[in-house]
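Here the structure is a predicted model, which is why all the values come from computation and not from measurement. In the text below, chain A, chain B and the rest are named by the order of the sequence lines, each starting its count at 1.
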Amino acid sequence: MIDFEKELNSVQLEACTSIDGPVMVIAGPGSGKTRVLTYRIAYMLERGIAPWNILALTFTNKAAREMKDRLERLVGSGGQKVWAGTFHSIFAKILRIESEKIGYPSTFTIYDTDDSKSLINQIVKEMNLNKEQYTTNLIRNRISSAKSLLISPAAYAADEELMEEDRQRDVPHLFKVYGQYARRCFESGVMDFDDLLYNFFLLLQRNPEGVLEKYRDKFKYLLVDEFQDTNYMQYAILKKLVRYPDSPENICIVGDDAQSIYAFRGATIDNILDFEKTFRDVRVVKLEQNYRSGKFIIDAANNVINNNTQQIKKKIWTDKSDNKKIDVIRALTDVEEARKVVDSIFELKNRAHLSNAEIAILYRTNAQSRTFEEHLRRNNMPYRIYGGMSFYQRKEVKDLLAYFRLVVNSNDEEALRRVINHPKRGIGDTTLDKLIAYARENKITVWEAMDRPIFPTRTQGLLLEFKSMIDQLHQESQRVMVDEIANKIYVKSGLSSLFRNDSTAEGKSRLENIQSLLDGIKEYVENDVLGEDEEVSEKSLQEYLQSIALLTDQDVNPEDKDFISLMSIHAAKGLEFDAVFVTGMEENLFPSFLSMDSPLEMSEERRLFFVALTRARHFLTLTYATSRFKFGKMVYYQPSRFLDEVGEHNLKAPIHKPQNIVYERQSKASVGGNFNGKRSAIPTSDKFQVNPSPTAAFAAGQEVLHPRFGKGKILRIEGNGDNRIAAIRFTLTGDDERKIMLRFAKMEVLA
DNA sequence: TCCGCATGCTTTTTT
DNA sequence: AGCATGCGGA
């Protein structure tokens, strides 16, 4: 029996025991959020709720694992039966069971970001579009944003506003790329990361009585962690599961609007605001007591976040007497910054006896890790960089995995393209292009095209040889254990002899990586991790692939645990360390130059800084350099505005302000391109805070505020009923007028 | 078809 | 400064 009253403070207790009906827990940093989540589940189990009726969703595998571990410690093995995992992994698991209902094979494979990009490039090439305009990232971001707003290719093409945006960006045919991309994924039996959510939504949408009812009935209690990071689509899925006539609406969302740092990825704070409106009688619990950081850190964090206007009112506080002030280190260059940080780490270790594992170096962009890495290595200090290339993204690992994928799902086009001529077997680009073109013309998959007699005998022979090898392996994979088939694929593919004949240093390290991949598979097979549910128990190659497709580098556990952590602030969310260095505190770097002319993006940067500050338990150091190398060139920087917001009384010493330096104005890159992306004077993401007025309220002559275009004047109104269109002249956009469909627009009448 | 070298481009943040 | 891409030669 757990003594809930003893182990929780009164607010935490309330959050844990209010298990019926909708609950919103606003949890400040370090307020015992994970504790609440796990104790809440434990409480439910004690009350006799079956573990398989509980669904707990997180964003990262790490958070899910931590929740499961702590739950197990609390309630024993019964906790394993709770459905706890990331949005992506849980939905993937269900999709695998129900895939046929949306026309997918149960053997569907998953495209990672690189595969998606590669397919997009392929399509752009096939459509003869100019790739200077149709850049991969732009297209990918647009497609991804569309999906997270549940906009299908057809709906995209029909959406005048999106089409207008694409014309503005000089990519009027983007909708066709989206259509082709979606079709190709579907026909290849693959899903990208977004599809795992998007298709799950479709699954529920299209099968109201079969599937939707089943899962509504199954998941009687929902818990959602980091709710502030959910996007429209994720929230829509949650509502599907919880909102229906006579639903008990047992959903508990946990989040903190002050820690919302993924708006760029489509996460929207509106979800938190909407939650209270959508669900009736929401019980709101605010966890404000911080058990993590010293009082100067807490005060600094509060000072910083108070510079943001829009937020749910709360103030984090601590009763800790920790009296260590925040240190600020100024350096002349990025190299000196790294040196001083390393010096400071030495000092901390000596003076406060910290172990490496209790120290973290954080930065805004991953590129900044390099100098720190060099200095740490030079000083023989163990470190680990998160957010670089994950193990599974290494070329040699991906190559072998691509073979696995092809064996599981022979229609996986990207896997095929990757391995068909690796190792070299005389099937070059020309052949491959022809094959793909033929498949498209005849509306068959590339795999099916391979045994059509369209090539000279020699090429045909090579193709057939390859095809029958994969076919054979596929047959075998049905009978044999995963580790055995994995080894067989490694040998039969020719990769094994390729590596064995490579005696260079890189070759050796590649071989080591392959070996540890194969070892990992063996471990996977032997490790009898019970599936969360009896429905999925048999271990297939497909299941293995699915389990690793969703892993990030944070999920690979190193042998030696005592290392200094280097990571982006985004990656640090949810973590805490005794000593934290927040580096690169410079204007245009943090806050990023990309956020400079948008108040909304600036507040996100500030929330990011808030997250950075609150990672620290005792020692917090902010560092900045007045110059650093960028693309081989020296660039000068000014100290970040955020340094001033911390409050001087929280600092060990006042900030040294450099004088008489001419700062270079940075230019903006024109990449980006999700709906939050930006380019030219016309913003493409919401930049203005708007209180939408009802559609009927608009009339000619009014001054209005549009979330993206800013202030404008309504020249006239055209059409009527649902199709009323306002012709508006916006100050910002510079053109004569813009037509806005009032039914969709979220505009506010100002005067 | 394959390999080597020159060129130009990069930088948010990530499940 | 480093990496991917593209082009030309074998």
(message) Any base atoms under 4.0 Å from A:N421, or only sugar-phosphate, or nothing? Heavy atoms, all strands.
(response) sugar-phosphate
(message) Classify A:T431 by what it touches in the nucleic acid, base, sugar-phosphate, or nothing, heavy-atom distance under 4.0 Å.
(response) sugar-phosphate
(message) I'd like to check, for A:F264, whether its ring lies over the base of B:dT13 with centroids under 5.5 Å apart and a plane angle smaller than 30°.
(response) yes
(message) On DNA chain B, does the nearest nucleotide to A:L589 precede the nearest nucleotide to A:R425 from the 5' side, or the other way round? Give the residue.
(response) A:R425
(request) With DNA chain B as reference, determine whether A:K424 or A:H570 sits nearer its 5' end, using the nearest nucleotide of each. (result) A:K424
Tell me which nucleotide among [options] gets nearest to the side chain of [X].
{"X": "A:L594", "options": "B:dT13, B:dT15, B:dT12", "value": "B:dT12"}
{"X": "A:T60", "options": "B:dT15, B:dT11, B:dT14", "value": "B:dT15"}
{"X": "A:R370", "options": "C:dG2, B:dT15, B:dT13", "value": "C:dG2"}
{"X": "A:E605", "options": "B:dT12, B:dT11, B:dT15", "value": "B:dT12"}

Mind calculating the distance between [atom1] ([X]) and [atom2] ([N]) to the nearest angstrom?
{"X": "A:L432", "N": "B:dC2", "atom1": "CG", "atom2": "P", "value": "12 Å"}
{"X": "A:N231", "N": "B:dT14", "atom1": "CG", "atom2": "C1'", "value": "12 Å"}
{"X": "A:Q393", "N": "B:dT15", "atom1": "CD", "atom2": "C1'", "value": "12 Å"}
{"X": "A:Q122", "N": "C:dT5", "atom1": "CD", "atom2": "P", "value": "13 Å"}
{"X": "A:M567", "N": "B:dT14", "atom1": "CE", "atom2": "P", "value": "11 Å"}
{"X": "A:I427", "N": "B:dC2", "atom1": "CD1", "atom2": "P", "value": "10 Å"}
{"X": "A:Q228", "N": "B:dT15", "atom1": "CD", "atom2": "P", "value": "15 Å"}
{"X": "A:R607", "N": "B:dT13", "atom1": "CZ", "atom2": "C1'", "value": "13 Å"}

(request) Quick one: sort the A:F642 and A:F609 rings into parallel, tilted or perpendicular, breaks at 30° and 60°. (result) parallel
(request) Kindly assign one of parallel, tilted or perpendicular to the pair A:Y235 and A:F275, based on the angle between their ring planes and the thresholds 30° and 60°. (result) tilted
(message) Consider ring pair (Phe, Tyr, Trp, His ring centres under 6.0 Å). Of A:Y386, A:F264, A:F590, which one does A:H570 pass it with?
(response) A:F264
(message) Is the phosphate of B:dT15 approached by A:N61 (side-chain N or O, under 4.0 Å from OP1 or OP2)?
(response) no
(request) Using a cut-off of strictly less than 4.0 Å, decide whether A:S592 has a side-chain nitrogen or oxygen near OP1 or OP2 of B:dT11. (result) no
(request) Would you please indicate yes or no on a ring centroid separation below 6.0 angstrom for A:F581 and A:Y363? (result) no
(message) Which heavy atom of A:H375 sits nearest to which heavy atom of A:V342, and what is that distance?
(response) CB-CG2, 3.8 Å
(message) Do A:Y198 and A:S152 pair up side chain to side chain, a donor and an acceptor below 3.5 Å, judged on atom types alone?
(response) no
(message) What's the gap between C:dA4 and B:dT13 when it is taken at their P atoms, as a whole Å value?
(response) 16 Å
(message) In whole Å, measure the gap between the P atoms of C:dA1 and B:dT12 for me.
(response) 22 Å
